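Keep in mind the model is a prediction, meaning the values are calculated, not measured. Below, read A as the first sequence line, B as the second, and so on, with proteins coming before strands; counting in each chain starts at 1.
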Amino acid sequence: MPKKHILSILVDNEPGVLSRIAGLFSGRGYNIESLCVAETNEPQVSRLTMVTDGDTLILEQIKKQLNKLINVIKVSDLTDQDFVERELVLVKVTAKTENRAEILRIIDIFRGQVVDVGLEHYTLSITGDAEKITAILNLLKPFGIREIARTGCIAMFRETKHKS
Amino acid sequence: MNKLTGAQILLTMLKEEGVDTIFGYPGGVVLDIYDELARTDLRHILVRHEQGAVHAADGYARVTGKVGVCLVTSGPGATNTVTGIATAYMDSIPIVVITGQVPTRLIGNDAFQEVDIVGITRPCTKHNYLVKDVKDLAKTIKEAFHIARSGRPGPVLIDLPKDVSIAKTAFKLPDDVELRSYNPTYVPNRKQLQKVVELIQKAKQPILFTGGGVILSRAHKELAELAKKAHIPVTSTLMGLGGFPGTHPLWLGMPGMHGTYRANMSISECDLMIAVGVRFDDRVTGKTDEFATHAQIVQIDIDPTSIQKNVQVDVPIVGDCKISLEILNQMIDHADMGDMAAAHREWLEKIDNWKKTTKLAYDQKDVIKPQYVIEKLFELTKGEAIITTEVGQNQMWAAQYYHFTEPGRFVSSGGLGTMGFGLPAAVGAQVAAPDKLVVDIAGDGSIQMNIQEMATAVQYHLPVKIVILNNGFLGMVRQWQQLFYNRCYSSTKFVHAPDFVKLAEAYGAVGLRATKPEEVETVLKQGIACDNAVIMDFVVEPEECVYPMVPAGAPISKMLLV
């Protein structure tokens, strides 16, 4: 059964690395659902968080093929592990006079922010996991969503809370 | 500290890496490198087409086990190398390709002879580089050679802009390469190998199934030791030919689409398969669901991605073939294995019986059969020649009828199946082994794909011998049309062909022809004895097929025998 996997990949921060990874996926017919990449605390290293799907055998191949790339330092599969994930979304939503208060209430409940205001719209920013983002987008839909920009998921293992 | 130009650094580093020969073709942006090259003792072989340069470097690498090197210009020079690079990539051959590039300030400008060769070759190189700063050049070259030859070998490309080859910098030999993201596993897990010992103890019908990995790591001695001491028969893929002596009683022949009956039956009926340096290519496995269904499968490979890719295995082992077999042999020496000869006697008898009842065979009357030419060639050369092949029927007959005894003797494009590979590869092989007899077994189709390299062979006094099995067809495609497309020979008949004897003479080589079976031996003897490059044109049966044949996608036990 295909299953969603979140891969966290440390790579050399060099030109062409993203293209090697994207090329690996397109060349072998694997799917990228979302992709997020930026420098880490070590400037020579970038972290790439990727959501992909496939059955166990395909995922195994994907991870091995990624590891085979010379610029890939480490591949971790967060799925089935204890991890935190966040995604940021910017939503431009139609905000007529009669709805403005209601939209602000919703945003408040989800601890989002208004980042831009116009006569007939709000641009909102919300962070959360995929479920929370889907939930707020569903609530905002009736007001009229004009535009959405999502970062895709970023994630990290949770540290163990107790000393062993 | 003395300052060197990029071109000087490049050539110094090549020598530092043990390079003595470069295959190449000059052009605008590599002029500075060529100018410098003229003042070194590096040997440069000027090919007639850049594709030829890469295949020659590839042939050189396959014969010597060293890294082959080629040097070409930007744009078309670079794109012409792509087929050669993909060929080396599919067969895991260590080569370093240096391409010139337009000056850095022009990159991206659609400059004259500019092409993004790093982008183009990304999916068919093990790794590639664009060097933008002369200060990075020495380190990059060292890394490139390290990556090309270590782990699962492969081609590495370095794109070198003209301004970088002119720029000067203080030169210091770089330290050893340390890449935190690249550390191939050579030494296998002993616990996994212990499981193999236990499986061998239990097995009644074991086989060794070996491939290019055995050739690349030169694990032939360890393989022979294991096979002989454990009485396990061996079958090798096309890429693995020469890893085990093709004349030994435990030899099963090649498996797969055109494999021997006994090799395919052994795979289908074995209860233990020890796969060493093979990637379970579709041409070998046929229908994977029915491949080695009765067997526990052990797979040893240095590349983790090769393991479990096509076929589920029971004991995966990541490691170098040579080291793994060495340790396995030691473990067997120290284990209580019982009488393995007795344990496998029945199995070996069964195989022998398959061998007796279904031999590779052909029936020759007044027309030359291509198989006969190769059988004769094997007989006359006592299996000592380096054989390169083109792709198609010529390649399959060479694999079936020439028996290889050592690695680096059979040079053939297995994975990519590149027509036009054989002649330039023969040029590279002859450069690598000047005292050996090098024979390119070709068809009349593929030889025309890189025929221009005849001029290279003649210019450098490389006495390569080309055996053309001339059937007037693109034989393998025609065979498929005959068997699966109702004999509709769409575009496979060469209505016009050059006179290969005259063509050889035009290049300053020697041309010979045989049209009757009784002429074959004389022509071969004459050709082999000649100290010049020779084309031998054998006019063979036009509609001969390669058998056995497993139709694409069928299980390998379902062979068409005649």
Heavy-atom pair of closest approach, residues [X] and [Y]:
{"X": "A/Gln81", "Y": "A/Phe83", "value": "O-CD2, 3.2 Å"}
{"X": "B/Cys124", "Y": "B/Pro155", "value": "O-CG, 3.7 Å"}
{"X": "B/Ala61", "Y": "B/Pro94", "value": "CB-O, 3.5 Å"}
{"X": "B/Ala78", "Y": "B/Val115", "value": "CB-CG1, 4.2 Å"}
{"X": "B/Pro304", "Y": "B/Val318", "value": "CG-CG1, 4.2 Å"}
{"X": "B/Pro161", "Y": "B/Ile107", "value": "CG-CD1, 4.2 Å"}

Problem set entry | Criterion side chain to side chain contact (heavy atoms under 4.5 Å, CB included) on B/Val278 and B/Val284, from CA distance to verdict | CA-CA 10 Å; B/Val278 272; B/Val284 168; over 6 Å; no
Seminar exercise, completed: Bottom line for B/Leu130: the part with an atom under 4.5 Å from chain A's heavy atoms is neither
Exercise. Relative to chain A, which segment of B/Pro123 carries a heavy atom at a distance below 4.5 Å: side chain, backbone, both, or neither?
Worked result: neither
Side chain proximity check, [X] to [Y], heavy atoms < 4.5 angstrom:
{"X": "B/Val19", "Y": "B/Val96", "answer": "no"}
{"X": "A/Leu7", "Y": "A/Ile62", "answer": "yes"}
{"X": "B/Val131", "Y": "B/Ile141", "answer": "no"}

For this session: May I ask you to list the residues in residues 87-97 of chain A that approach chain B closer than 4.5 angstrom, counting heavy atoms only, ordered by number?
Result: none
Problem set entry | Contact listing (chain B partner; residues 111-141 of chain A; heavy atom under 4.5 Å) | none
Problem set entry | Engaged part of A/Leu24 at the chain B interface, taking heavy atoms whose separation is under 4.5 Å | neither
For this session: Heavy-atom distances under 4.5 Å only: say whether A/Val75 touches chain B with side chain, backbone, both or neither.
Result: neither
Every donor-acceptor pair from chain A to chain B under 3.5 Å, please, each on its own line.
residue: A/Ser19; atom: OG; partner: B/Arg122; partner atom: NH1; Å: 2.3
residue: A/Arg20; atom: NH1; partner: B/Asn128; partner atom: OD1; Å: 3.1
residue: A/Arg20; atom: NH2; partner: B/Asn128; partner atom: O; Å: 3.0
residue: A/Arg20; atom: NH2; partner: B/Asn128; partner atom: OD1; Å: 2.9
residue: A/Glu42; atom: OE2; partner: B/Arg180; partner atom: NH2; Å: 3.0
residue: A/Gln61; atom: NE2; partner: B/Thr305; partner atom: O; Å: 2.8
residue: A/Lys64; atom: NZ; partner: B/Pro304; partner atom: O; Å: 3.0
residue: A/Lys64; atom: NZ; partner: B/Ile307; partner atom: O; Å: 2.7
residue: A/Lys68; atom: NZ; partner: B/Asp303; partner atom: OD2; Å: 2.8
residue: A/Lys68; atom: NZ; partner: B/Thr305; partner atom: OG1; Å: 3.3
residue: A/Ile70; atom: O; partner: B/Ser181; partner atom: OG; Å: 2.5

Problem set entry | Verdict with reasoning, A/Leu66 to A/Phe25, per side chain to side chain contact (heavy atoms under 4.5 Å, CB included) | CA-CA 9 Å; A/Leu66 283 167; A/Phe25 275 73; 4.0 Å; yes
Problem set entry | Interatomic distance, A/Leu48 atom CG to A/Leu18 atom CG [nearest 0.5 angstrom] | 6.5 Å
For this session: Evaluate side chain to side chain contact (heavy atoms under 4.5 Å, CB included) for B/Leu216 paired with B/Ile302, printing each intermediate quantity in order.
Result: CA-CA 11 Å; B/Leu216 290 163; B/Ile302 199 158; over 6 Å; no
For this session: Identify, with sequence neighbours excluded, every residue that meets side-chain hydrogen bond (donor to acceptor under 3.5 Å, both in side chains) alongside A/Asp80.
Result: A/Lys3
For this session: Please step through side chain to side chain contact (heavy atoms under 4.5 Å, CB included) for the pair B/Val313 and B/Val298, ending with a clear verdict.
Result: CA-CA 6 Å; B/Val313 305; B/Val298 174; over 6 Å; no
